[in-house]
There are 2 protein chains.
Amino acid sequence: MSAEGDPGRVRPGGRTARVRAAVLTAAGDLLAEQGFDRLDLADIARRAGVGKTTVYRRWGSVPNLVADLLAEMAEQSVPRTETGALEGDLQANARLVQRTLSDPRQGRLFTAIIAAATCDTRTAEALRRFYEVRIDEWAPCVQQAVDRGELLAGTDCREVIRAVSAPLYYRLLTVGQAPVEADADRAAQAAVAAARAGVFTTQVDEYGRADSG
Amino acid sequence: MSAEGDPGRVRPGGRTARVRAAVLTAAGDLLAEQGFDRLDLADIARRAGVGKTTVYRRWGSVPNLVADLLAEMAEQSVPRTETGALEGDLQANARLVQRTLSDPRQGRLFTAIIAAATCDTRTAEALRRFYEVRIDEWAPCVQQAVDRGELLAGTDCREVIRAVSAPLYYRLLTVGQAPVEADADRAAQAAVAAARAGVFTTQVDEYGRADSG
DNA sequence: GCTCAAATGGGCCTCCAGTTCCGTTAAGGG
DNA sequence: CCCTTAACGGAACTGGAGGCCCATTTGAGC
């Protein structure tokens, strides 16, 4: 394992940080433009104005580089709007995801990243963490709906958020078409309907363990 | 374009058919075992007991080969069970998808195929057709529910079926975890709840054009 | 069962992604 | 401001994926 994501770097300041930023930006651009399989680390180096050797030494492979890119992306938080009603919050979430996936650059980028994650365990782990962060950011709006009494106690808030994204990603990855706004609204409505019906409700026993019910 | 999927073959019988079958089988196995990116056409040829040149000549690239594999898979229909109730039918569908995705070979194979489809237009098109066939097979059970009066007229039957699969694929592709039976049941219930709430209902105007409502 | 071209397969070649080597640059501590 | 060495970058090297040539096999029509 000669290539590290970035953990034990001894000298992370100045030039090193500039190189990392330039390479990650170039990697994102090329990933979006050309897709996962046509990606060449030498191309990235050229685009970033950096020596080919540097890219190979620090990241070593495309999946490693993508994993690092994901770690970077996970740190950039998107502020979430709050409308005060479950429908509105989930619709806002759905439309945010939809706009991201249908944006030419971002949509292709996510597609390529997911493809990369299917090929490499470390990248898959980085992707899992990325979505965990995003879901944690939005789960509170479902929790608020529970607190307001809009949903049953014991509702799995994170699962509701996942239910909003699922149809949008499904459409992108299997049909190959980016979702449109109507898809987003339908996804949000479907999640609300299912949550209201108690589909995402788990019962908790006296030991605090959850069981689906 | 030297490589054709299989259209204009002049001599498709005997050896040619055997070679095609052997190569597609080997491709499926290696795709499931090693993933999309580590796939080498020479490996496939060796495994299939076929000349490397033949594979390169007839398919030319990994995406082309995957596209052909998908066309083959689309033709193999899985019989669908009918329980007479919407919940039961959708649960059967969800569990079928779930069992497929959590089967070691099939799950990895689908993952790899989807990755391949993100990298190549023709493969994406083949994948789209594959799911179209599968969805067409299951949509009638939703239509029957509409006919029985369980769901509103104007319900988009195919969209209901997609809603069942979406969470299962979403989980596999973004979290990297195969769905379990409880996920399948939840997906089916969520789709039913959303369908009952009229989320997948479209209104048709006097010109026959559909509008989401 | 004979003929002819489609289809296959072994061996050779080419080219470039990935690696190695080593001299150069510039963080970071004192 | 200077020294040490982590980090970078140019250039040359190499293994193997992908492509080509041509002899051989075999499907299909008669």
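Chain identifiers are assigned alphabetically (A, B, ...) following the order of the sequence lines, protein sequences preceding nucleic acid strands; residue numbering begins at 1 within each chain.
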Legend entry - Separation of dA17(C) P from L39(A) CG (nearest whole Å): 11 Å
Legend entry - Pairs where residues 162-192 of chain B contributes a residue and the test ring-ring contact (aromatic ring centres under 6.0 Å, His included) is met, not counting sequence neighbours: Y169(A)-Y170(B), Y170(A)-Y169(B), Y131(B)-Y169(B)
Legend entry - ring-ring contact (aromatic ring centres under 6.0 Å, His included) contacts in which one or both residues fall within residues 61-92 of chain A, not counting sequence neighbours: none
Legend entry - Test ring-ring contact (aromatic ring centres under 6.0 Å, His included) applied to F110(B) - qualifying residues, sequence neighbours left out: F130(B)
Legend entry - Between D89(B) and T83(B), a side-chain donor and acceptor under 3.5 Å: yes
Inset, instruction - Could I get the full list of salt bridge (charged side-chain N to carboxylate O under 4.0 Å, His left out) partners for R47(A), not counting sequence neighbours? - result: D29(A), E33(A)
Legend entry - Any residue meeting salt bridge (charged side-chain N to carboxylate O under 4.0 Å, His left out) with D183(A), in chain and number order, not counting sequence neighbours: R171(A), R186(A)
[X] side-chain N/O to [N] phosphate OP1/OP2 under 4.0 Å:
X	N	value
Y56(A)	dT19(C)	no
R18(A)	dA27(C)	yes
T54(B)	dG9(C)	yes
R57(A)	dT19(C)	no
R20(A)	dA7(D)	no

Could you tell me which residues satisfy side-chain hydrogen bond (donor to acceptor under 3.5 Å, both in side chains) with [X], sequence neighbours excluded, listed by chain and number?
X	result
T118(B)	none
R80(A)	E82(A)
D37(A)	none
R158(A)	D136(A)

Which protein N or O atoms sit under 3.5 Å from an N or O of nucleotides 11-16 of chain C?
unit_1: dG11(C); atom_1: O6; unit_2: T53(B); atom_2: OG1; d: 3.4

Legend entry - Residues within residues 25-38 of chain A bordering DNA chain C, heavy-atom distance below 4.0 Å: none
Legend entry - Rounded to 10 degrees, the angle between the two terminal axes of the helix from dG1(C)-dC30(D) to dG30(C)-dC1(D), each from five pairs: 60°
